[in-house]
Amino acid sequence: MGRALLSHFLVLSQSSTRFTPSPSLSAFGTKYTKPHSLFPLNRSSTGNSSRCCCGISLTEPAAAPERPPSSIKRRIVSGVQPTGSIHLGNYLGAIKNWISLQDTYDTLFFIVDLHAITLPYDTQQLHKATRDTAAIYLACGVDTSKASVFVQSHVRAHVELMWLLSSATPIGWLNRMIQFKEKSRKAGDENVGVALLTYPVLMASDILLYQSDYVPVGEDQKQHLELTRELAERVNYLYGGRKWKKLGGRGGVIFKVPEPLIPPAGARVMSLTDGLSKMSKSAPSDQSRINLLDPKDVIANKIKRCKTDSFPGLEFDNPERPECNNLLTIYQLVSGKGKEDVKQECENMNWGSFKILLTDALVDHLHPIQVRYNEIISDSAFLDEVLADGARKASSIADVTVNNLYQAMGFLRR
C-alpha cells in the first residue's frame with residue numbers, strides 16, 4: 001500500500017473521481033449468539049476458483065455515503081508495495097484517486113514493505129524501491145498536510161497486531177484465498193514461505209489498526225477485505241463487549257468494520273500485451289506496462305507496439321475488444337475527459353492516429369510527475385523527515401488499538 005504525501009506539490013490534470021462505499025451489510029449489524037455457529041465457511045466455487053468464505057458479498061455501490069453531522073472526518077487507509085516500478089495501473093487504480101480522497105477524509109497512505117518479502121526478493125532493491133515509491137507518491141501530488149505518509153515497517157504495531165489477529169484466524173480461511181493459490185503455484189513449494197499464506201492477516205492488521213471506515217479496493221482485492229471484515233467481527237465477538245469491560249476496558253467493539261470504496265473507473269488497468277490480464281509489476285515483459293518514470297521515447301515505443309485488434313473504429317465496453325476498452329479507458333483517465341467525450345472523439349479513429357493521441361496524453365500527464373520525482377529523490381533529508389513525521393502520526397493511532405486488544409485478550413498491562 002502506498003503513500004499519501006504526493007498531492008500537495010502539484011495539480012494534476014485529472015477527472016474528479018468520486019468514490020462510493022459498498023452498502024452496509026446487515027450481517028454486521030447483529031450480534032452473534034451461538035459460538036458454535038460463528039463464521040461458517042460456506043464454500044462456493046466455479047470450476048477451479050474458490051472464494052473466501054467469510055459470509056460477505058461486496059458489490060459496487062451506486063451512491064456516495066451520507067456524511068454524519070459532525071466535524072470528525074471518516075478515515076481511509078491504503079498503500080502500495082515497493083516491488084518493481086510503480087506503473088500506470090498502480091497510479092490510475094490507486095494513487096491518483098488518493099488525491100481527491102485526502103480533501104474529504106482523514107487519510108493514511110503507506111508503503112507496505114512488509115508485504116514485499118512474501119516471495120524471494122533483493123534486499124538492496126527493497127531499500128531503494130521503498131524510497132523511490134515514497135518519492136513517487138509525493139510527486140503525484142499527495143498533500144502531507146492532509147494525509148499521513150509512512151513506511152509500514154516503521155510502525156511496529158502492524159506486526160504486533162498481526163500476531164494477535166493470527167490467533168483468532170481459522171487456517172481454513174487462509175487456505176481458500178485465491179491469490180495464495182495462484183502465487184504459490186507459480187513460485188513452487190520450495191520458494192513459498194509461511195508469509196505468503198498469512199499475509200492477508202497482515203493486510204487485515206494494516207486496516208484494523210487505524211480503525212478505518214473505508215478502504216479503496218480494486219476488484220482483485222475484494223476477497224482480502226472480506227477476510228478483514230469477518231476477522232474484525234470475530235475478534236469483537238470473542239474479546240469485546242462485556243468481556244473487555246470486565247478486564248477494566250471501556251467495553252464495546254474493539255475494531256470498526258471497514259467498508260470498501262470502489263472507484264468508478266480505472267480500478268483495474270489492464271496489460272498492454274493482453275487486455276484480459278491486469279497490468280502488473282510481476283509480468284515478465286516490461287512491454288506490458290507503462291512505468292511512471294518511463295521516458296518519452298519508451299512510452300511512445302510501448303504504445304506503438306501494444307496489442308490492438310482489427311475491428312473498424314474504436315469503442316468502449318465491447319467484450320470482444322478488451323484491448324480497445326483498456327486503451328480508451330487509459331486515455332480517458334490521463335486526459336481528464338468524460339467517457340462520452342472520448343467516445344465521440346475517438347469512435348472513427350484508426351489505431352495509428354489514436355496511438356499518437358494516447359502517447360501525447362500520457363507524456364503530458366506524466367512529465368510533471370517525473371520532474372517533481374527527481375527533485376524529491378535528490379533531497380534525502382526532506383524525504384526522511386516526511387516519512388518520520390508520518391510514522392509518528394500513524395503510531396499515535398496504532399498504539400491505542402494494539403493496547404486495547406492486549407487488554408481485551410487478557411494480557412498483563414505494562
Side-chain angles (χ1 to χ4, degrees), residues 1-14 16-17 75-116 125-155 206 210 216 263 266 281 289-295 333-334 336 362-395 397:
M1 302 183 171
R3 9 191 72 136
L5 308 170
L6 318 138
S7 88
H8 96 254
F9 294 106
L10 60 120
V11 178
L12 302 176
S13 62
Q14 61 177 8
S16 56
T17 304
R75 182 171 292 151
I76 285 177
V77 298
S78 191
V80 174
Q81 284 193 38
T83 52
S85 299
I86 299 296
H87 56 67
L88 199 64
N90 302 134
Y91 172 62
L92 296 178
I95 301 170
K96 181 172 181 284
N97 297 317
W98 295 348
I99 298 171
S100 59
L101 294 176
Q102 67 185 354
D103 293 326
T104 307
Y105 298 93
D106 176 16
T107 48
L108 295 98
F109 302 128
F110 51 105
I111 299 172
V112 289
D113 55 339
L114 293 172
H115 287 284
Q125 180 61 27
L126 177 61
H127 179 274
K128 181 180 183 301
T130 299
R131 296 187 65 81
D132 287 350
T133 302
I136 286 176
Y137 290 168
L138 292 170
C140 288
V142 174
D143 189 341
T144 53
S145 70
K146 300 175 183 178
S148 296
V149 181
F150 59 98
V151 178
Q152 181 189 30
S153 63
H154 293 181
V155 180
D206 298 336
Y210 300 103
K281 298 176 183 178
R289 55 188 169 265
I290 299 291
N291 301 308
L292 259 61
L293 300 181
D294 279 346
L333 293 170
V334 299
L362 282 167
V363 170
D364 289 345
H365 191 90
L366 296 181
H367 178 70
I369 294 175
Q370 294 171 354
V371 170
R372 182 57 185 159
Y373 164 82
N374 288 326
E375 294 173 354
I376 294 168
I377 203 66
S378 64
D379 190 347
S380 296
F382 167 74
L383 192 56
D384 291 342
E385 182 181 353
V386 165
L387 297 179
D389 184 57
R392 282 192 295 270
K393 293 177 181 177
S395 293
I397 302 169

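Every value quoted in this text rests on a predicted model; they were computed, and no experiment measured them.
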Which heavy atom of Val77 sits nearest to which heavy atom of Asp206, and what is that distance? CG2-O, 4.2 Å
Do Cys140 and Leu292 have side chains that approach each other closer than 4.5 Å (heavy atoms only, starting at C-beta)? yes
Distance-minimising heavy-atom pair for Thr130 and Leu126: OG1-O, 2.7 Å
Qualifying residues under side-chain hydrogen bond (donor to acceptor under 3.5 Å, both in side chains), relative to Asn291, sequence neighbours excluded: Asp286, Asp294
Does a side-chain heavy-atom distance below 4.5 Å link Asp132 with Leu293? no
When every non-hydrogen atom of Ala116 is compared with those of Pro82, the smallest separation belongs to CB-CD, 4.1 Å
Just jot down the side-chain hydrogen bond (donor to acceptor under 3.5 Å, both in side chains) partners of Asp384, sequence neighbours excluded, or say none. Arg131
Closest approach of Ala135 and Ile377, non-hydrogen atoms and distance? CB-CD1, 3.8 Å
Given side chains that start at C-beta, do those of Pro216 and Asn97 come closer than 4.5 Å, heavy atoms only? no
Are any side-chain N or O atoms of Asp106 and backbone N or O atoms of Ile76, one a donor and one an acceptor, separated by less than 3.5 Å? no
Of all heavy-atom pairs linking Tyr91 and His365, the shortest is OH-NE2, 2.6 Å
Is the shortest side-chain heavy-atom distance between Val386 and Ile376 below 4.5 Å? no
Spacing of CD1 belonging to Ile290 relative to NE2 belonging to His87, to within rounding of 0.5 Å: 11.0 Å
Sorted by chain and number, sequence neighbours left out, salt bridge (Lys or Arg N to Asp or Glu O under 4.0 Å) with Asp389 holds for Arg392, Lys393
Identify, with sequence neighbours excluded, every residue that meets side-chain hydrogen bond (donor to acceptor under 3.5 Å, both in side chains) alongside Gln125. none
Out of Leu108, Asp103, Leu101, which residue meets the side-chain contact (heavy atoms from CB on, under 4.5 Å) rule with Tyr105? Leu101
State which residues pass side-chain hydrogen bond (donor to acceptor under 3.5 Å, both in side chains) with Ser153; sequence neighbours excluded, sorted by chain then number. Asp113
List in chain and number order the residues that pass salt bridge (Lys or Arg N to Asp or Glu O under 4.0 Å) with Glu375, two or more places apart in sequence or in another chain; answer none if no residue qualifies. Arg372
Does some side-chain heavy atom of Leu92 sit less than 4.5 Å from a side-chain heavy atom of Val334? yes
Test log, rule side-chain contact (heavy atoms from CB on, under 4.5 Å), inputs Tyr373 and Ile86: CA-CA 12 Å; Tyr373 164 82; Ile86 299 296; over 6 Å; no
Minimum heavy-atom distance Ala391-Val155, with the two atoms named: O-CG2, 3.9 Å
